[in-house]
Peer 1: 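Questions regarding the structure given below will be posed in turn.
Every heavy atom of this structure was used, including side-chain atoms; hydrogens, water molecules and symmetry mates were not. Order of the sequence lines fixes the chain letters, A, B, ..., with proteins taken first and strands second; residue numbering starts at 1 for each chain.
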There are 2 protein chains.
Amino acid sequence: MKSGSYPDRHRTLGALLRAPWRVLEGRVYGAMAERGFPEVRPAHGVVFRHIEADGSRVSDLADRAGMAKQSMAYLVSHLEEHGYLRVGPDPLDGRAKRVILTERGEAVLKAAHDLSRSIEAEWALAIGAGPMETLKRDLGRLWDYLEAEDHQS
Amino acid sequence: MKSGSYPDRHRTLGALLRAPWRVLEGRVYGAMAERGFPEVRPAHGVVFRHIEADGSRVSDLADRAGMAKQSMAYLVSHLEEHGYLRVGPDPLDGRAKRVILTERGEAVLKAAHDLSRSIEAEWALAIGAGPMETLKRDLGRLWDYLEAEDHQS
DNA sequence: TTCAGTTAGACAGATAAACTGTCTTAAATA
DNA sequence: TATTTAAGACAGTTTATCTGTCTAACTGAA
């Protein structure tokens, strides 16, 4: 069945990166509901990934996520409504608002990291601990290369 | 700037897979417009990836992409309108339609593969040809493992 | 061999996640 | 101080998914 449903010629680098990422994302966000965070959807990941420990402004989050302020505001307002974020005025800039994770939001971040680590461990058993280490190291080098010339997410 | 804007603790396996994939997808689909295929968007990738050389049915495409028939029909109709696909009756099943790539559609597939290969070559220069080979081999093993227990797209 | 159940796709409508454009207000600058 | 820039709000649009319902066609079992 392996190369029947998805021929090897389609196993491009993009496909090789996308396939496991989709599975991982699906498992992480699927498990969120079970862990008591049903309102957290994949799109909200950018907020959790880019928010700083002492809070961030919506514009900064948008910049770092590489998306429009309006789009970020939409995600932030959803998370605020459901208690994952607290939004207050920015003391340094009267126009801006400061967004910070609540305890519930911190718990989401922790859950996501835990889940990610346990899936990684499972996959390390499948392909070998050595290869998994090598994989991460080389992906890290690729990341450094890509970061050295613009690029966010 | 490297770990300033995106701290290392966020370099989870998911992030390591997602970051290069996003860049690759952006470059491939960005180049599509320049190559004369402006109507092809990232979401249409599932069609090109899963369609068979002698044509496929919408339901089969949907199944293999792991999405609803309606969603696939929406993507297919867009590509048909712009001349990337031809849709005809299925000779074996009066209910079904057969979807097949036109020459223009084949050209998209080729362009996507060419672009992917050239980006891969660029990245191989950045991280080394050996590591790139190892990376692909290990991602391939991960793919096999994931495929052995359900999973599509 | 007909008839019940299933499947393919169409149509309608909903939602999520992004976008652009415009507006107000505040900040920064010249 | 006057002008420009920046932050976020509000309105509307597009894209990409989903469910639900419907008809036509196929399939298998009595």
Peer 1: Between R11(B) and D144(A), does any NZ, NE, NH1 or NH2 come within less than 4.0 Å of an OD or OE carboxylate oxygen?
Peer 2: yes

Peer 1: Measure CG/L75(A) against P/dT15(C) and give the value in whole Å, please.
Peer 2: 18 Å

Peer 1: Tell me the interatomic distance from K69(A), atom NZ, to dA7(D), atom C1', rounded to whole angstroms.
Peer 2: 5 Å

Peer 1: Taking only Lys NZ, Arg NE, NH1 and NH2, and the carboxylate oxygens of Asp or Glu, determine whether E122(B) and R27(B) approach each other closer than 4.0 Å.
Peer 2: yes

Peer 1: Take atom NE2 of H44(B) and atom P of dT14(D), then tell me their distance rounded to the nearest Å.
Peer 2: 15 Å

Peer 1: Out of curiosity, R49(A) CZ to L61(A) CG, how far, rounded to the nearest 0.5 Å?
Peer 2: 12.0 Å

Peer 1: What is the distance, to the nearest angstrom, from the OH atom on Y74(B) to the P atom on dA14(C)?
Peer 2: 17 Å

Peer 1: Please list, chain by chain and in numerical order, all residues satisfying ring-ring contact (aromatic ring centres under 6.0 Å, His included) with H78(B), sequence neighbours excluded.
Peer 2: H44(B), H82(B)

Peer 1: Report yes if at least one side-chain N or O of R57(A) is closer than 4.0 Å to OP1 or OP2 of dG8(D); otherwise report no.
Peer 2: no

Peer 1: Would you mind reading off the distance between D63(A) atom CG and dG8(D) atom P, rounded to a whole angstrom?
Peer 2: 10 Å

Peer 1: Evaluate the side chain to side chain contact (heavy atoms under 4.5 Å, CB included) criterion for residues Y84(A) and L101(A): first the C-alpha distance (whole Å), next the side-chain angles of each, then the deciding distance (0.1 Å), finally the verdict.
Peer 2: CA-CA 6 Å; Y84(A) 298 98; L101(A) 289 176; 5.7 Å; no

Peer 1: Nearest whole Å is fine: how far is dC18(D) C1' from M72(B) CE?
Peer 2: 14 Å

Peer 1: Heavy atom of residues 76-100 of chain B under 4.0 Å from DNA chain C: which residues?
Peer 2: R95(B), A96(B), K97(B)

Peer 1: To the nearest Å, give me how far apart OH (Y29(B)) and P (dA18(C)) are.
Peer 2: 18 Å

Peer 1: In whole angstrom, what separates D60(A)'s CG from dA6(D)'s P?
Peer 2: 13 Å

Peer 1: Salt-bridged, E52(A) to R64(A), with N to O below 4.0 Å?
Peer 2: yes

Peer 1: Per the atom types in the model, does the base of dG21(C) pair as donor or acceptor with the side chain of Q70(A) at under 3.5 Å?
Peer 2: yes

Peer 1: Could you tell me whether K97(A) and E80(A) make a salt bridge, using a distance below 4.0 angstrom between a side-chain N and a carboxylate O?
Peer 2: no

Peer 1: Could you tell me whether S59(B) contacts a base, only the sugar-phosphate backbone, or nothing, with contacts defined as non-hydrogen atoms closer than 4.0 Å?
Peer 2: sugar-phosphate

